[in-house]
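Because only heavy atoms are used, hydrogens play no part in the values below, and waters and symmetry mates are left out as well, while side chains stay in. Sequence lines set the chain letters: A, B, ... in the order given, protein chains first and strands last, and positions in each chain run from 1.
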There are 2 protein chains.
Amino acid sequence: MAKPPKENSPITEHLAYLLAQANREINRQLETRLAKEGVPVEQWRILKVLSDGNGHSMGELADAVLLNHPTLTKMIDRMVSDALVYRVQDPKDRRKVLMFVSDRGKALCRRLNSLAVSQEEHIVESYGDKSTTELKRLLESLIGSAN
Amino acid sequence: MAKPPKENSPITEHLAYLLAQANREINRQLETRLAKEGVPVEQWRILKVLSDGNGHSMGELADAVLLNHPTLTKMIDRMVSDALVYRVQDPKDRRKVLMFVSDRGKALCRRLNSLAVSQEEHIVESYGDKSTTELKRLLESLIGSAN
DNA sequence: GTGAAAATATTGAATATTCAACAATTGAAG
DNA sequence: CTTCAATTGTTGAATATTCAATATTTTCAC
């Protein structure tokens with residue numbers, strides 16, 4: 001019972017490939033849903049993380065939303081232009097910038113959450129309750145063991 | 001036992017997010033390994049798919065390696081310059097181009113396979129045999145149910 | 001058979017991402 | 001205290017990706 005693939009195994013037996021494929025497919029589905037609001041997936045992540053009402057530094061936020069720092073900076077620039085979020089310099093540490101969500105951003109986030117939840121409900125429907133729960137558990141555990 | 005997250009759930013409970021996070025982490029690890037040969041993950045995928053010795057059209061290949069068509073075209077241009085692969089016009093259907101690996105590409109692919117297998121062995125070590133097998137099974141099934 | 005529609009791959013312009021360098025602030029050693 | 005290193009965020013240039021348009025070939029309806 002080979003756990004790691006052999007060197008001549010098809011690429012479809014590699015965990016890295018299966019993850020990339022599944023992520024691509026699910027992300028594409030979500031992207032399509034969120035397009036109703038004209039918002040990329042990453043902006044939904046940002047709004048959702050900021051929705052706890054606390055200020056988050058750029059570094060913190062970049063980790064949370066799975067973006068590199070310069071990419072995040074530029075995306076935040078756009079969101080500031082759209083009045084979805086705003087910057088405040090951290091009074092405790094003036095190197096940092098704290099990000100907050102605006103009322104407009106909160107309202108948009110609610111609509112996006114609804115679309116995202118509906119997508120996941122759709123997945124659960126065709127994929128099954130048990131499988132979804134178990135898959136999430138295994139992914140969390142993989143992420144934990146990779147650090 | 002909530003299967004889909006509620007609208008105010010943290011983003012970390014969304015399947016789409018967990019997949020993106022896990023993929024990012026594992027892909028980054030693999031990227032680091034393959035960097036020893038100076039090759040991006042996508043080129044390894046291309047070489048591996050072509051390693052069955054059959055000619056593959058660009059469309060076929062794009063699907064298999066999870067790249068959009070124009071992105072693939074440009075990456076193949078580079079690989080042709082590096083003499084790793086070559087194009088042949090399909091005699092059965094002259095709209096198509098069939099891609100093949102060169103000997104140089106095959107040799108590189110062998111070295112890359114070894115690095116990739118070693119990565120997955122490393123994952124299995126810390127994550128466990130059972131978990132890895134089960135995660136792969138669930139991912140395959142998710143991909144299947146998503147189409 | 002002919003002409004319209006579909007399929008395939010590529011190109012170029014527009015957009016996005018990344019890498020390396022920078023500026024500003026804080027921390028810490030001496 | 002002062003200086004040097006580390007942290008944080010941004011910027012600009014280089015690179016990569018994507019979207020829309022194109023060229024070519026095939027398929028299909030008539």
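- Distance B:D93 CG to C:dT8 C1': 8 Å, rounded to the nearest Å.
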Can you name the atoms? Protein N/O to nucleotides 9-12 of chain C N/O, anything below 3.5 Å, with the distance.
{"from": "C:dA9", "atom 1": "OP1", "to": "B:M58", "atom 2": "N", "distance (Å)": "2.9"}
{"from": "C:dA9", "atom 1": "OP2", "to": "B:G59", "atom 2": "N", "distance (Å)": "2.6"}
{"from": "C:dT10", "atom 1": "OP1", "to": "B:R87", "atom 2": "NE", "distance (Å)": "2.8"}
{"from": "C:dT10", "atom 1": "OP1", "to": "B:R87", "atom 2": "NH2", "distance (Å)": "3.2"}
{"from": "C:dT10", "atom 1": "OP2", "to": "B:T73", "atom 2": "OG1", "distance (Å)": "2.9"}
{"from": "C:dG12", "atom 1": "O6", "to": "B:K74", "atom 2": "NZ", "distance (Å)": "2.8"}

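- Between B:F100 and B:Y86, the two ring planes are parallel [angle under 30°; tilted spans 30° to 60°].
- Atom-to-atom, CZ of B:R28 to C1' of C:dT18 comes out at 12 Å; the value is rounded to the nearest Å.
- Side-chain N/O atoms of A:N68 include none lying less than 4.0 angstrom from OP1 or OP2 on C:dT17.
- Look at NZ on A:K92: it is 17 Å from P on D:dT8, rounded to the nearest Å.
- Under 4.0 Å is where a charged nitrogen must lie from a carboxylate oxygen, and between B:E31 and B:R28 no such pair does.
- At whole-Å resolution of the value, CG in A:L67 and P in C:dT18 are 8 Å apart.
- Between B:R33 and B:H122, some side-chain heavy-atom pair lies under the 4.5 Å cut-off.
- The separation between A:L66 atom CG and C:dA16 atom C1' is 17 Å, rounded to whole Å.
- The existence of a salt bridge linking B:D103 and B:K106 is confirmed by a sub-4.0 Å separation between a basic side-chain nitrogen and an acidic carboxylate oxygen.
- Ion pair A:R137/A:E134 flagged as a salt bridge, since at least one NZ, NE, NH1 or NH2 atom sits closer than 4.0 Å to an Asp/Glu carboxylate oxygen.
- For the atom pair CD1 (B:I123) and CD (B:Q119), the distance works out to 4.0 Å, reported to the nearest 0.5 Å.
- Comparing A:M75 and A:P91, the nucleotide of DNA chain C nearest to each residue sits closer to the 5' end for A:M75.
- Annotation: side chain of A:L61 is in contact with side chain of A:V49 (closest heavy-atom distance under 4.5 Å).
- Listed pair B:R78 / D:dA16 meets the phosphate criterion, a side-chain N or O lying under 4.0 Å from OP1 or OP2.
- Between A:D90 and A:K92, none of the side-chain N atoms (NZ, or NE/NH1/NH2) sits under 4.0 Å from a carboxylate O, so this pair counts as no salt bridge.
- Within the 4.5 Å cutoff, the side chain of A:E42 has heavy atoms near those of the A:M75 side chain.
- A:E42 places its CD atom 10 Å from the P atom of C:dT18, with the value rounded to the nearest Å.
- Rounded to whole angstrom, the span from the CG atom of B:N27 across to the P atom of C:dT17 amounts to 16 Å.
- Straight-line distance from the CD atom of A:Q89 to the P atom of D:dT10: 11 Å, rounded to whole Å.
- Summary of helix geometry: the two end axes of the helix from C:dG1-D:dC30 to C:dG30-D:dC1, each defined by five base pairs via their C1' atoms, are inclined to each other by 20° (rounded to 10°).
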